[in-house]
Amino acid sequence: MCGIVGIVAHSSVNQTIYDALTVLQHRGQDAAGIVTVDGEAFRLRKANGLVKDVFQSKHMLRLQGNIGIGHVRYPTAGSSSSSEAQPFYVNSPFGITLAHNGNLTNAHELSEQMAQMRRHINTNSDSELLLNVLAHEIQQQPGYVLTPEQVFEAVTKLHARVRGAYACVALIVGQGLVAFRDRNGIRPLVLGKRSTDKGQEYMVASESVALDAVGFEYIRDVAPGEAVFVDRDGQLFTKQCAQAPQLSPCIFEFVYFARPDSTIDGISVYASRVNMGRKLGAKIAREWEDHDIDVVIPIPETSCDIALQIANELDLPYRQGFVKNRYVGRTFIMPGQEERKKSVRRKLNAIGQEFKGKNVLLVDDSVVRGTTSEQIIEMARESGARKVYFASAAPEIRFPNVYGIDMPSSQELIAHGRDVEEVCKLIGADGLIYQDLPDLVAAVSEENPTVSRFDTSVFNGQYVTQDVDQAYLDRLNEDRSDDAKSKRDSEQSSNLEIHNVCHP
Ligand SMILES: O=P(O)(O)OC[C@H]1O[C@H](OP(=O)(O)OP(=O)(O)O)[C@H](O)[C@@H]1O
Ligand SMILES: NC(=O)CC[C@H](N)C(=O)O
Ligand SMILES: [Mg+2]
């Protein structure tokens with residue numbers, strides 16, 4: 001996952017974009033970048049690292065301008081090299097820079113098309129390809145000033161070429177800011193506004209929490225397939241640019257990725273997690289009628305709201321048995337398995353008295369590779385737990401994700417090719433229970449019944465773009481499994497970092 005933000009304001013945007021990125025940090029910890037337009041020049045700062053480390057005062061001072069975009073990255077294509085940090089830039093037409101959340105499923109095809117159009121792509125990032133497709137389509141529009149209709153036509157043509165998941169924001173020098181969401185609306189994107197003495201200001205962001213943090217008012221979610229254009233005079237234009245759009249948001253945003261205080265497509269992430277807890281609690285009461293659980297303990301941080309509701313359902317005490325080190329980030333979105341493994345014990349520590357002599361039910365939002373559950377169960381036993389049961393608010397994850405979550409290889413998923421008993425044994429639990437998929441879908445859609453379809457591919461292998469076949473998944477596995485990545489990243493450490501934009 002990645003986080004994106006774009007702002008058109010009447011005063012400097014550098015600090016506001018920075019602040020918005022800090023509340024989107026949970027979507028990507030690998031790299032961060034901001035581009036502003038200062039007169040006719042782009043100002044860019046991007047590098048590997050967290051927002052607080054990438055931007056020092058000297059960079060902020062150079063990021064002048066009233067219009068800008070930002071990105072936090074969690075790589076799902078290409079490498080982790082800083083040269084693939086975003087936003088990406090092309091100098092023609094006008095000068096365009098783009099930030100992308102998602103993952104394209106026809107990158108190979110696009111790469112061939114770009115070569116035929118004699119457009120040079122310097123990295124393996126699908127986002128660089130997407131920018132070049134946009135640049136190509138804008139290039140086809142005549143004149144020196146782009147009309148909103150021309151921008152929308154370019155996005156319409158882009159939708160016709162590009163497949164997969166993409167929520168994007170782009171700046172076009174001298175023209176304005178354009179943002180768009182793929183025809184399935186797989187990744188989230190919201191639009192907000194702020195009134196000032198000088199007039200209206202607009203902002204787009206991955207999650208509504210970013211609007212809240214910087215004092216923008218939520219207008220609405222960008223619709224699937226829709227494009228938003230804020231021109232150089234600050235006027236807002238919107239248009240549906242895709243054929244047969246159908247909202248199908250990624251359900252994993254609600255399970256894990258998004259912050260609980262965000263609302264996505266009219267669904268409160270927090271409320272959906274409470275519902276997940278209610279439904280899973282009911283299943284535990286039903287299937288483990290004679291259970292001997294003494295206490296419910298969450299695995300911080302994402303599962304806390306879910307576990308509290310399970311405790312309520314089962315009429316059991318809820319205890320914070322693990323303390324989270326607030327200075328360690330999210331484990332699952334770390335780049336390699338070694339790092340992820342080490343991070344669990346650095347991040348979580350048990351409070352002995354909550355475990356000693358007790359039968360505990362540990363609750364997590366999901367079990368993906370099993371990195372967390374395996375170690376956490378071991379820690380609970382080391383702390384004296386008598387029995388350790390485990391509940392997952394998401395069903396078994398058995399299929400790769402191709403839309404912006406780095407789960408490229410089914411072999412790395414602990415539930416792939418295994419039944420619940422086998423997984424239970426592997427993670428070392430005394431009992432394991434998963435949420436059922438219809439219950440998960442109901443938990444989320446209850447909050448907005450107008451959203452009837454979700455991408456649930458990691459659970460059932462049904463990909464909403466309908467273009468993902470075994471050959472694609474095999475190639476993904478070859479390109480991006482943990483082994484392939486570590487080999488490639490070490491080979492590419494000397495990747496040329498070409499940033500032909502004013503760089504503070
Ligand atoms: O089975 P695994 O491969 O370990 O992945 C699943 C775990 O990873 C995530 O936690 P993470 O530490 O990333 O973030 P959190 O603090 O938001 O829970 C998620 O909440 C699970 O705890
Ligand atoms: N997680 C994402 O949204 C990743 C965006 C893009 N595919 C990249 O790898 O940079
Ligand atoms: Mg977690």
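Just follow the structure's listing: the first ligand is 1, and inside any ligand the first atom is 1. Since this is a predicted model, take the numbers as computed values, not measurements.
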| task | May I ask you to list the atoms of ligand 1 that are less than 4.0 angstrom from any heavy atom of D364? | result | 20 (O), 21 (C), 22 (O)
| remark: In this structure, CG of D182 is separated from OG1 of T465 (nearest 0.5 Å) by 9.0 Å
| field | Per-ligand residue contacts, ligand 2, heavy-atom threshold under 4.0 Å | value | M1, C2, R73, Y74, P75, T76, A77, Q86, H100, N101, G102, N103, D126, S127, G404
| query | Against heavy atoms of G370, which atoms of ligand 1 measure under 4.0 Å? | reply | 1 (O), 2 (P), 3 (O)
| remark: So for T302 against ligand 1, with non-hydrogen atoms under 4.0 Å, the contacting part is both
| query | Which atoms of ligand 1 sit under 4.0 Å from any heavy atom of F332? | reply | 5 (O), 8 (O), 9 (C), 11 (P), 13 (O)
| remark: Numbered in order shown, the ligand 1 atoms found under 4.0 Å of a heavy atom of Y256 are 9 (C), 10 (O), 11 (P), 13 (O), 14 (O), 17 (O), 19 (C), 20 (O)
| query | Which of the atoms in ligand 1, numbered in the order shown and given with their element, are less than 4.0 Å from a heavy-atom of K347? | reply | 11 (P), 12 (O), 14 (O), 15 (P), 16 (O)
| said: Are any of the N/O atoms on R369, whether in the backbone or the side chain, positioned under 3.5 angstrom from an N/O atom of ligand 1? | reply: yes
| Aromatic rings Y463 and Y403: how do their planes relate, parallel, tilted or perpendicular, breaks at 30° and 60°? | perpendicular
| task | Looking only at distances, please establish whether an N/O atom of ligand 1 is found under 3.5 Å from an N/O atom of T372. | result | yes
| said: For Y256 and H26, I'd like to know if the aromatic rings sit close, meaning centre-to-centre distance below 6.0 Å. | reply: no
| task | Look at ligand 1 and say whether S373 reaches it with a heavy atom at a distance under 4.0 Å. | result | no
| query | Given side chains that start at C-beta, do those of Q320 and I351 come closer than 4.5 Å, heavy atoms only? | reply | no
| Non-hydrogen atom of V367 closer than 4.0 Å to ligand 1 | yes
| field | atom 20 (O) of ligand 1: the protein heavy-atom neighbour that sits closest, reported with distance to 0.1 Å | value | D365 OD2, 2.5 Å
| task | Please round to the nearest 0.5 Å and tell me the distance separating atom CD1 of I405 and atom SG of C250. | result | 4.0 Å
| said: My understanding is that only residues two or more places apart in sequence, or in another chain, count here; which of them pass ring-ring contact (aromatic ring centres under 6.0 Å, His included) with F257? | reply: Y74
| task | Would you please name every residue forming a side-chain contact (heavy atoms from CB on, under 4.5 Å) with E421, sequence neighbours left out? | result | D419
| query | For the residue pair V35 and L171, what are the closest heavy atoms and their distance? | reply | O-CD1, 4.0 Å
| message | Looking only at protein heavy atoms, which one is nearest to atom 6 (C) of ligand 1, and what is the separation? | response | S366 O, 3.5 Å
| request: Indicate yes or no: does an N/O atom of V368 lie under 3.5 Å from an N/O atom of ligand 1? | output: yes
| note | The side-chain contact (heavy atoms from CB on, under 4.5 Å) partners of A135 (sequence neighbours excluded) come to V90, P93, I96, R119
| task | Please name the pair of heavy atoms, one in A77 and one in N103, separated by the smallest distance, quoted to 0.1 Å. | result | CB-OD1, 3.7 Å
| message | Would you compute the distance between atom CD1 of I7 and atom OG1 of T36 and round it to the nearest 0.5 angstrom? | response | 11.5 Å
| said: Could you check whether E301 pairs with R330 (Lys NZ or Arg NE/NH1/NH2 to Asp/Glu carboxylate O, under 4.0 Å)? | reply: no
| Under 4.0 Å from ligand 1, counting heavy atoms only, is it the side chain of T371, its backbone, both or neither? | both
| field | Neighbour count >12 (heavy atoms, 6.0 Å) for atom NZ, K341 | value | no
